[in-house]
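Below is one structure, written out as structure tokens; comments come after it.
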Amino acid sequence: MGCMAEERGWSVELSGVPETLLWNLYMRAYEARGPRPVLTDPKAVELVDRIDYPFEETFGPPGPLLAQGHALRVRTFDDAVRDFLAAHPDGTVVTLAEGLETQYWRVDNGRARWLCVELPETAAVRRALLPDDERRRTLARSALDLSWRGEVDPSRGVLITAQGLLMYLRPTEVRDLIAGCAEGFPGGALVFDAVPRWFSARTLRGELRTARGYRPPPMPWGMDAGELGKVRSAHPRISEVRELPPPRGRGLYHGALVPVLRRLPGVRNLRPTMTAIARFG
């Protein structure tokens with residue numbers, strides 16, 4: 001596992017859950033290259049062009065519907081961070097296991113501090129391709145090792161994001177991580193995404209795979225939309241938990257159907273993912 005320079009670009013070698021950062025990057029870049037993208041992400045396009053990795057051979061050709069859905073989920077996180085920075089312009093954004101997410105280049109206000117908490121192998125890749133700077137740094141540590149909280153100055157506000165992370169953890173680990181964030185950052189918030197239980201079960205059975213045979217890693221934690229309120233039981237300081245609706249997208253499905261689906265109790269769990277925010281009192 002790792003990242004090394006070659007003549008034709010950066011060679012990235014990852015497997016298991018860390019390899020999913022390349023799939024996420026691939027989806028964002030594909031959508032950003034389109035004629036009417038729902039996400040403007042030139043940094044993602046630049047990275048895909050720089051990295052020597054068989055994206056299409058591994059993941060298959062991107063599906064436009066899937067890529068747009070992924071980009072709209074990313075936009076939901078972006079909007080939450082923008083709202084935080086508007087209220088706390090000198091605050092700190094902590095990104096847990098964001099891989100090669102390029103959110104900083106999309107939403108940074110020029111004043112906030114950013115801390116990216118990554119596993120050592122993905123931290124090495126991120127530092128090589130997206131070197132740290134004065135206000136943004138990468139910490140090589142598991143998000144489950146709550147000692148990362150000591151690296152954060154909470155005095156000007158803290159927002160934590162866990163994008164594409166919690167579903168790969170065991171349920172007890174998810175609960176402990178959310179409780180640790182609530183305990184460590186009163187007045188802060190956590191933005192996270194979750195897959196429904198049926199989706200989690202399919203990954204555990206190995207039933208999901210791309211046209212080229214790539215099989216996503218198992219996702220032990222799933223949560224249906226109706227269970228969102230249970231997150232509050234993780235810690236007494238969790239004062240609010242609510243879903244963050246994605247922006248309206250292009251076409252019939254993302255432009256008209258998805259906004260309706262999330263409001264219908266009988267079918268809202270058919271969506272493959274949802275994004276939520278937990279606030280700490």
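Just so it is clear, the model here is predicted, and its values are computed rather than measured.
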With sequence neighbours left out, write down each residue that passes ring-ring contact (aromatic ring centres under 6.0 Å, His included) with [X], or none if nothing qualifies.
{"X": "Trp114", "answer": "Tyr104"}
{"X": "Tyr214", "answer": "Phe59"}
{"X": "His88", "answer": "Phe84"}

Decide yes or no for Glu56 and Tyr30: does some side-chain heavy atom of the first lie under 4.5 Å from some side-chain heavy atom of the second?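 Answer no - side chains too far apart.
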Would you indicate whether the side-chain heavy atoms of Phe192 and Leu177 approach each other to under 4.5 Å?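 A side-chain contact under 4.5 Å is absent here.
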Any donor-acceptor N/O pair, Asn109 side chain to Arg111 backbone, under 3.5 Å: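 Yes: the side chain of Asn109 pairs with the backbone of Arg111.
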Please check this pair: side chain of Arg175 against backbone of Ser233, looking for a donor-acceptor N/O pair closer than 3.5 Å.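 Indeed, once roles are kept as given, a pair shorter than 3.5 Å links the two residues.
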Could you list the cluster mates of [X]? Members are the ILVMFWY residues connected by side-chain heavy atoms closer than 4.5 Å, either directly or through other members.
{"X": "Leu119", "value": "none"}
{"X": "Leu252", "value": "none"}
{"X": "Val195", "value": "Val17, Met167, Tyr168, Trp198, Phe199, Leu208, Met219"}

For Arg156, what residues pass the salt bridge (Lys or Arg N to Asp or Glu O under 4.0 Å) criterion, not counting sequence neighbours?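 Scan of Arg156 (salt bridge (Lys or Arg N to Asp or Glu O under 4.0 Å), adjacent residues dropped) gives none.
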Listed by chain and number, what are the salt bridge (Lys or Arg N to Asp or Glu O under 4.0 Å) partners of Arg113, not counting sequence neighbours?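 Scan of Arg113 (salt bridge (Lys or Arg N to Asp or Glu O under 4.0 Å), adjacent residues dropped) gives none.
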Audit row: Arg149, Glu183, salt bridge (charged side-chain N to carboxylate O under 4.0 Å, His left out) steps and yes/no: CA-CA 10 Å; Arg149 297 178 302 180; Glu183 177 69 28; over 6 Å; no
Quick check: are there more than 12 heavy atoms from other residues, nucleotides or ligands sitting under 6.0 Å from CZ of Arg135?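 Yes - once you tally the heavy atoms of other residues, nucleotides and ligands closer than 6.0 Å, there are more than 12.
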Gap separating the [atom1] atom of [X] from the [atom2] atom of [Y], nearest 0.5 angstrom:
{"X": "Gln163", "Y": "Gln103", "atom1": "CD", "atom2": "CD", "result": "6.5 Å"}
{"X": "Ile178", "Y": "Arg232", "atom1": "CD1", "atom2": "CZ", "result": "13.5 Å"}
{"X": "Thr161", "Y": "Leu190", "atom1": "OG1", "atom2": "CG", "result": "8.0 Å"}

Restricting to pairs with a member in [range], which pass salt bridge (Lys or Arg N to Asp or Glu O under 4.0 Å), not counting sequence neighbours?
{"range": "residues 123-132", "value": "Glu98-Arg126"}
{"range": "residues 270-281", "value": "Glu240-Arg279, Glu243-Arg271"}
{"range": "residues 16-39", "value": "Arg28-Asp41, Arg28-Glu101, Glu31-Arg250, Arg33-Asp49"}

Run the side-chain contact (heavy atoms from CB on, under 4.5 Å) test against Pro220 and tell me which residues pass, sequence neighbours left out.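 If we apply the side-chain contact (heavy atoms from CB on, under 4.5 Å) test to Pro220, skipping adjacent residues, there are no hits.
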